[in-house]
Amino acid sequence: MPELPEVETTRKGIEPYLVDVIVDRVVIRQPMLRWPVTPELPTRLAQQVIRSVTRRGKYIAIHTDVGTMIVHLGMSGSLYLVDQKTEALFHDHVDIILGSGKCLRYTDPRRFGSILWTEEDWFAHPLIRSLGPEPLTDEFNVDYLTAQAKSRKKPIKTFIMDSKIVVGVGNIYANEALFMSGIRPDKPAGGISKKRLALLVDNIKTILSAAIKQGGTTLKDFVGGDGKPGYFKQNLSVYGRAGEPCVNCQKALIESRLGQRSTVYCPACQK
DNA sequence: CTCTACCCCTGTCTGC
DNA sequence: TGCAGACAGGGGTAGA
């Protein structure tokens, strides 16, 4: 499940093989992703030179002079380079065939991801326009979060997972950041002191940057192979550990559901 | 405006 | 062993 660190690691991994490279053609085997792949994509992208590869939240953007391809990896998507001769498997839905002899391949068993084409400024695209700040920038700070949380009743976990508030905090890191901050996931966002929100902001930044750093060092093949970024087996304190002892106090961790998402916390350490 | 439930999809796991 | 059902999850969207 690509969270922001995985997405950024993917962007960094594919960027060197794309910038200044011309697209030969585009092959779409399965257009039915989260939304249908933009039908014009193959004709518009063909013969264009890729100028840059950027990211906003969990969206990756591949820019040309005439438009931008926007990719979201969804739950199970991956984007990687293969040799053009590499045979496509069942879940290999889209190939961007490059003039370099390589091929940027999009694989997504569950098809929760999306591939779209836009010819306007991509920051103006409906999916991108209303996104909140990037968690690792100064724009995401305690003053901002406090202002946003003011008089909000929704649980703090659901709140920080809302991409309009801040992008890139998925379920795993939301659980972990709240544990690190000693905050119960179901506490209404508006009722948490500024001091504790400051701690939360710091911990979100810490955990995401640590995961990105780890991804940068443990990640292997974006070229050849199966392209799977190999998941970071970082030490998770609460996620996936329901019923097991808290790493701090040994009490059994509790699992509940918030906003249809699995939520794990320590009943003693988180208040 | 705020919030919750639902839905898209399929590989993997659990229970009968 | 086989099969049905639950579950995982980002995030848009409908409806309360």
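Here is how names work: the chains are called A, B, and so on, in the same order as the sequence lines, proteins then strands, and each is numbered from 1. Keep in mind that this is a model prediction, so the values were computed, not measured.
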Using a 4.0 Å heavy-atom cut-off across all strands, classify A/Phe159 as base, sugar-phosphate, or nothing. nothing
Rounded to the Å, how far apart are A/Gln260 CD and C/dT13 P? 18 Å
Please report the distance, rounded to the nearest Å, between CH2 in A/Trp35 and P in B/dC7. 17 Å
Quick note, A/Glu255 side chain, CB onward, closest among B/dG11, C/dA8, B/dC8 is C/dA8
Ignoring backbone atoms, test whether A/Arg152 places a side-chain nitrogen or oxygen under 4.0 Å from the OP1 or OP2 oxygen of B/dC1. no
Mind calculating the distance between CD (A/Gln30) and P (B/dC8) to the nearest angstrom? 15 Å
By nearest-heavy-atom nucleotide on DNA chain B, the more 5' of A/Phe112 and A/Lys153 is A/Lys153
To the nearest angstrom, the CG-P distance between A/Asp162 and C/dG10 comes to 13 Å
Hey, does A/Ser262 reach any base, or is it just sugar-phosphate, or nothing, if we go heavy atoms under 4.0 Å? sugar-phosphate
Are side-chain N/O atoms of A/Tyr59 and A/Ser114 paired as donor and acceptor at under 3.5 Å? no
Nearest-Å distance for atom pair OH/C1', residues A/Tyr106 and B/dC9: 11 Å
Would you say A/Arg129 reaches C/dG12's phosphate, i.e. side-chain N/O to OP1/OP2 under 4.0 Å? no
Closest to the side chain of A/Met161, out of C/dG12, C/dG10, B/dG11, is C/dG10
Check whether more than 12 heavy atoms from other residues, nucleotides or ligands sit under 6.0 Å from atom CG of A/Asp138, and answer yes or no. no
Look at the rings of A/His93 and A/Tyr106 and say which category their plane angle falls in: under 30° parallel, 30 to 60° tilted, over 60° perpendicular. tilted
Given atom CD of A/Gln148 and atom C1' of B/dT2, what is their separation to the nearest angstrom? 13 Å
Pair A/Ser262, A/Glu255: side-chain N/O donor-acceptor within cut-off below 3.5 Å: yes
If only side-chain N and O atoms of A/Arg34 are considered, is one of them under 4.0 Å from the OP1 or OP2 phosphate oxygen of C/dG11? no
Can you check whether A/Tyr173 has a side-chain N or O nearer than 4.0 Å to OP1 or OP2 of C/dG10? no
Starting from P on C/dG10, measure out to OH on A/Tyr59 and report it in whole angstrom. 12 Å
Check: A/Arg110 side chain, C/dA8 base, donor-acceptor under 3.5 Å: yes
Nearest to the side chain of A/Pro155 - C/dG11, B/dT4, C/dA8? B/dT4
Rounded interatomic separation in angstrom, taking CG from A/Asn171 and P from C/dG11: 12 Å
Looking only at the side chain of A/Lys58 (C-beta and beyond, no hydrogens), which of the listed nucleotides B/dT4, C/dG11, C/dA8 gets closest? C/dG11
If the threshold is 4.0 Å, N to carboxylate O, is there a salt bridge linking A/Lys157 and A/Asp186? no
Closer than 4.0 Å, any side-chain N/O of A/His72 to the OP1 or OP2 of C/dG12? no
Count the heavy atoms of every other residue, nucleotide or ligand shown that sit under 6.0 Å from CZ of A/Arg29, and state whether that count exceeds 12. yes
Counting side-chain heavy atoms from CB outward, which of C/dA8, B/dG11, C/dG12 is closest to A/Leu127? C/dG12
